[in-house]
Structure formats: C-alpha cells, structure tokens
*Asks:* 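Structure below; questions to follow.
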Amino acid sequence: MKEENSPKNRAMSLIRTISSTAIRAGNEALKRKLNKNIEETDSFMSEAALRLVKGLDELKGAAMKVGQLLSMVDDNILPPGWKDALGKLQSQATSKNWSFIEPILLKEFGNLDGFSHIEKTAVHAASIGQVHKATLKDGTDVAIKVQYPDLEKSVKSDLQNMKKIVKIANLMPNMANYDQIFEAVEMLFIQELDFKREKNYYDIYREKFKLNNQIIVPKTFDEYSTKNVLTTEWIEAISLQEWLNKYSKIMHTDPEFIKKRDNLGNILLELVFTEIFHFKHIQSDPNPANFLVTDNGELVLLDFGATQELSDELIENYSKLTLSAVQKNQIELIKTAKKMGFLNRHDSPEAKESFIKMMNIAIEPFIGENYSWKDCHQLKRTNMESIHFMRHTKFRAPTPEIIFINRRLGGNLLIMESLGATVFAKDILYRILDKKEI
C-alpha cells in the first residue's frame, strides 16, 4: 500500500497524466484555432480535462486538490470544456476499497472492537480520504473519516507536477503568480491532513453554535479520533447539493419550499458573516458537500480541515471595504483596497475604476431590502469584471489570507445563486457588523 502511494510512483503517474493531458490539450487548442466558427455546447467537456480528472481521481492527495480548486476558476480563464469536466472531482470522486481502508483503521486503533458495525462502502470520498458510516457498541451511529496514507510525503512533488500541467496545458495563460498560489495550496493542504486540528475546530464551532437552533455541528469522539482518523456523530440529512437537485423544480413555485429555500439562504449568509466578523475564523472550503440539510431545514456543518484564523487587521479592513462600497465612499474604498493589497500606487486609473465596478456588483444584495439571487448572475458579472481587473493589475496575486476568504465568499455566492434565495441581506450584514469583536 505504501509502495503504491510513494512519491516516486505518484510522480510517475502524474508524468503519464501530464503527457496525455498535454497532447489532448494541444490537439484541442489546434482544432479551436483552425475551426474558429465552431461553437461548443453547454454540455461539451474537454477530452484533455477528462483525462486529467481520471488521473487525479486515482491519485487523490494534493494533485486532486489542485484539480478541485481549478474547477472553481471562472469559465473565462479556463479553456472551453474544462470547468464542467474538472467539476467531477468535486462531486464524483471515487472511493477506495475496504481492503485498502481496513488496515489503516487497524493501525490507528489496534482493533475495531469499539464498533458493532462499519459499512464497507464509503458514503463520501474526497482528495485526502473518505467517510464510512458505522455504529458504536452503545448503538450510536457515527461517521468515520479515514485519511489516505503517505499524502504528506508527496505534497511538494504533487504540486510541482501539477504546476507543470497548468503551464503545459495553458490552463491559466495570463497568470504570472503560480508560485504564490501553489504555496497557499500547499499550506492549506498540510493543514487539512491534521485531523486533530480539524477535530479542534469541530469542537470550537459546536460550542459557538450551541444556542443556534438552525445550525448543527456534529459531536466528535475523542477515543475514536487520531491525526489520521476523525469520528463524529452521524446526522441524518442529505447534502446541500442533493437538496438542490431534489427540489430544483419546486423550490421556486411551492410556497413551503420557497420558505425553506429562503431560510437556508438566510442561514448561509448569516453563517459566513458571523464567521468572518464575529468568530474571526473562516471555513475556506465552500464545497456544497460540506453542508447537509435535515428534514426540518437545519443546516449541518461538516469538514473543518480548511478552517483559517483571520487577523484583526484583515477583519477591520474587510469591514471598512464593505461599508465604504455600500455607502458609495470611493475615496475610502480605494484607500482600503490599497491597504489590503488589491491596488497599489502604480496601478492605472483603469484598474481603480475596474475595482470600483467589481465592488459595486459584489455589494448589490446589501443596498436595498430583500434581494433575490434567482437569475441575478452576480457571480458571472463579478468574475467578468474581475478578469478586467486582473489584466489591469497584471494578475498580481493577493495574500494567502485573502485567497482563502475570497474562496469562501465566492463559494457562498455560488450556493446562493443555486438556491435562488430571497434574503434581507442588508439587515444581516449590518446586524453582524454591529456586534463584531475587534
């Protein structure tokens, strides 16, 4: 098992993936150049991207994590057909067989006598591990998150090889700041591999939300949790993505589900602003699979491996940036943007104008009273303007702290648009800013 997952073998697998992906990507680029009038349909998926997805799904680890992050990049940056193909890494990751997982559990616990039953088929798989439903001897249903072995040893080589793929396949042709981006990914990935750290954040969030009757954070079990295995209580619910798929046809027409939809939107928006401005932490992985929805409409929070602590300075600056944008105070907006590194004194007037336009789109929900995310295309408009902004600033990389917070905010916006919720967003924002702890 260890030999199979060694850095050397992983590197060889990635090299094979790089070669076949590059050949396919080159062929696709040539076809697009020769056939400029050909229009790809919405369902078009790049063969090169699908080959990359297959290779990354088999490898797991940091390589797959980069693929997942790439799936969140705007369509205007990625080549045609890549975004949907890479999205399979978020929603359709394959799990390892029980014969691979059982030895890991035995190594961590010595025996499995504390469990009366463990389901051998995983209920969920991701880049660093998979989850199995189990029952303790006392009858308590639990979720066991098991980490794949030896991932930490291969992080640097995985990321170096993924950087080559990004460059060779010309996935992000204008990005000059690969090194800073990949350094941020490496830091995030190493943190996610520490399940003791994640368990601590489960416990912190559970304590923070213990009086909130609309948010559930599962209890953790000390005796069945280690650096490589995390056991939490099993909450009977479905993933937010599954909820969206299941009720997509009636959540905009049925009065009962319109109410549930809007309540979920309200919870999600209040959650993200409470995290930033009150808890001073952010769960920076916005995957809809990290949220469950109960039959009663409660939101269950999962997966705290990507949780980041935010500095007081960042929180203060984000507060000023948001309020100056809402209040149309462009002088304060530009001043704060320079403090945060979005702009600098060498940037052109066009860069400043583009940043103001981008912020005006971002704060639309907080201007009036009820705001509907249904068919608002806010994310698409923000991304389109952000491309202009990045070109004006020569694709300068923000700090890792800002990368994490923007990743969370962007993911939250994507979920809000998928819900199409109508929420009094301005009230939520001002209410939380009034009680922020700085």
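Side-chain atoms are counted along with the backbone in the values below, which use heavy atoms only and exclude waters and symmetry mates. The first residue in the sequence is number 1, and the count goes up from there. Note that the coordinates shown come from a computational prediction; the quantities given were computed from them, not determined experimentally.
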*Asks:* Measure the spacing between CG of Asp254 and NZ of Lys260 and express it to the nearest 0.5 Å.
*Replies:* 9.0 Å
*Asks:* Quick one: are Tyr205 and Ile215 in side-chain contact, heavy atoms under 4.5 Å?
*Replies:* no
*Asks:* Looking at Thr135 and Ser116, would you say the former's side chain and the latter's main chain have a donor-acceptor pair under 3.5 Å?
*Replies:* no
*Asks:* Once ring-ring contact (aromatic ring centres under 6.0 Å, His included) is applied, what residue pairs with a partner in residues 397-423 remain, sequence neighbours excluded?
*Replies:* none
*Asks:* Among Leu230, Thr232, Leu136, Ile144, which residue meets the side-chain contact (heavy atoms from CB on, under 4.5 Å) test with Phe221?
*Replies:* Leu136
*Asks:* With a sphere of 6.0 Å drawn around NZ of Lys54, does it hold more than 12 non-hydrogen atoms of other residues, nucleotides or ligands?
*Replies:* no
*Asks:* Taking C-beta and beyond as the side chain, do Leu268 and Val423 meet within less than 4.5 Å on heavy atoms?
*Replies:* no
*Asks:* Using 4.0 Å as the upper bound for N to carboxylate O, is an ion pair formed by Glu385 and Arg381?
*Replies:* no
*Asks:* Look up atom CD1 in Ile216 and atom CG in Leu302, then write down how far apart they are to the nearest 0.5 Å.
*Replies:* 10.5 Å
*Asks:* Are a donor atom and an acceptor atom from the side chains of Gln214 and Asn263 found within less than 3.5 Å of each other?
*Replies:* yes
*Asks:* Going by an N to O cut-off under 4.0 Å, is there a salt bridge joining Glu417 and Lys380?
*Replies:* no
*Asks:* In terms of heavy-atom contacts, does CD of Glu313 have more than 12 from other residues, nucleotides or ligands at under 6.0 Å?
*Replies:* no
*Asks:* Run the numbers on Tyr371 and Thr422 for side chain to side chain contact (heavy atoms under 4.5 Å, CB included), then give the verdict.
*Replies:* CA-CA 5 Å; Tyr371 182 85; Thr422 298; over 6 Å; no
*Asks:* Do Tyr201 and Gln283 have side-chain atoms, one donor and one acceptor, less than 3.5 Å apart?
*Replies:* no
*Asks:* Answer with yes or no whether the side chains of Asp57 and Thr94 bring together a donor and an acceptor at under 3.5 Å.
*Replies:* yes
*Asks:* If you measure from CZ on Phe109 to CZ on Phe115, what distance do you get to the nearest 0.5 Å?
*Replies:* 5.0 Å
*Asks:* Parallel, tilted or perpendicular, judged at 30° and 60°: which one describes the rings of Phe366 and Phe273?
*Replies:* perpendicular
*Asks:* Is Lys210 paired with Glu207 through a side-chain N to carboxylate O contact shorter than 4.0 Å?
*Replies:* yes
*Asks:* Measuring from atom CD of Glu270 to atom CZ of Arg431, what distance do you get when rounded to the nearest 0.5 angstrom?
*Replies:* 4.5 Å
*Asks:* Taking atom CG of Leu429 and atom CG of Leu269, what is their separation to the nearest 0.5 Å?
*Replies:* 8.0 Å
*Asks:* Under 6.0 Å from the ring centre and within 45 degrees of the ring axis: does the NZ or CZ of Lys199 meet both conditions for the six-membered ring of Tyr202?
*Replies:* no
*Asks:* Could you give me the CA-CA distance, side-chain angles and deciding distance for Ser225 and Phe195, then say whether side chain to side chain contact (heavy atoms under 4.5 Å, CB included) is met?
*Replies:* CA-CA 8 Å; Ser225 296; Phe195 283 5; over 6 Å; no
*Asks:* Yes or no on side chain to side chain contact (heavy atoms under 4.5 Å, CB included) for Phe100 and Ile104, after CA distance, side-chain angles and deciding distance?
*Replies:* CA-CA 7 Å; Phe100 183 91; Ile104 301 173; 4.1 Å; yes
*Asks:* For a 4.5 angstrom cut-off between non-hydrogen side-chain atoms, does Ile128 reach Tyr148?
*Replies:* no
*Asks:* Quick check: do Phe424 and Lys426 have side-chain heavy atoms less than 4.5 Å from each other?
*Replies:* yes
*Asks:* Could you go step by step and tell me if Thr226 and Asn228 meet the side-chain hydrogen bond (donor to acceptor under 3.5 Å, both in side chains) rule?
*Replies:* CA-CA 5 Å; Thr226 68; Asn228 301 306; 5.0 Å; no
*Asks:* Distance check, rounded to the nearest 0.5 Å: Ile405 atom CD1 versus Gln308 atom CD?
*Replies:* 10.5 Å
*Asks:* I'd like to know whether CG of Asp295 has more than 12 heavy-atom contacts from other residues, nucleotides or ligands below 6.0 angstrom.
*Replies:* no
*Asks:* Go through Asp262 and Asn266 one step at a time and tell me if the side chain to side chain contact (heavy atoms under 4.5 Å, CB included) criterion holds.
*Replies:* CA-CA 6 Å; Asp262 292 348; Asn266 194 87; over 6 Å; no
*Asks:* Will you find, in the side chains of Asn296 and Thr294, an N or O donor that is under 3.5 Å from an N or O acceptor?
*Replies:* no
*Asks:* Can you tell if the side chain of Ile402 reaches within under 4.5 Å of the side chain of Tyr318, non-hydrogen atoms only?
*Replies:* yes
*Asks:* Within a strict 4.5 Å, meaning less than it, do heavy atoms of the Met359 and Thr322 side chains meet?
*Replies:* no
*Asks:* Could you tabulate the donor-acceptor pairs under 3.5 Å formed by side-chain atoms of residues 242-249, not counting sequence neighbours?
*Replies:*
{"residue": "Asn245", "atom": "OD1", "partner": "Gln241", "partner atom": "NE2", "Å": "3.2"}
{"residue": "Asn245", "atom": "ND2", "partner": "Gln241", "partner atom": "O", "Å": "3.3"}
{"residue": "Ser248", "atom": "OG", "partner": "Asn245", "partner atom": "O", "Å": "3.4"}

*Asks:* Using 30° and 60° as the class limits, which term best fits the ring planes of Phe209 and Phe279: parallel, tilted or perpendicular?
*Replies:* perpendicular
*Asks:* How about Gln130 and Ser95: does a side-chain donor come under 3.5 Å of a side-chain acceptor?
*Replies:* no
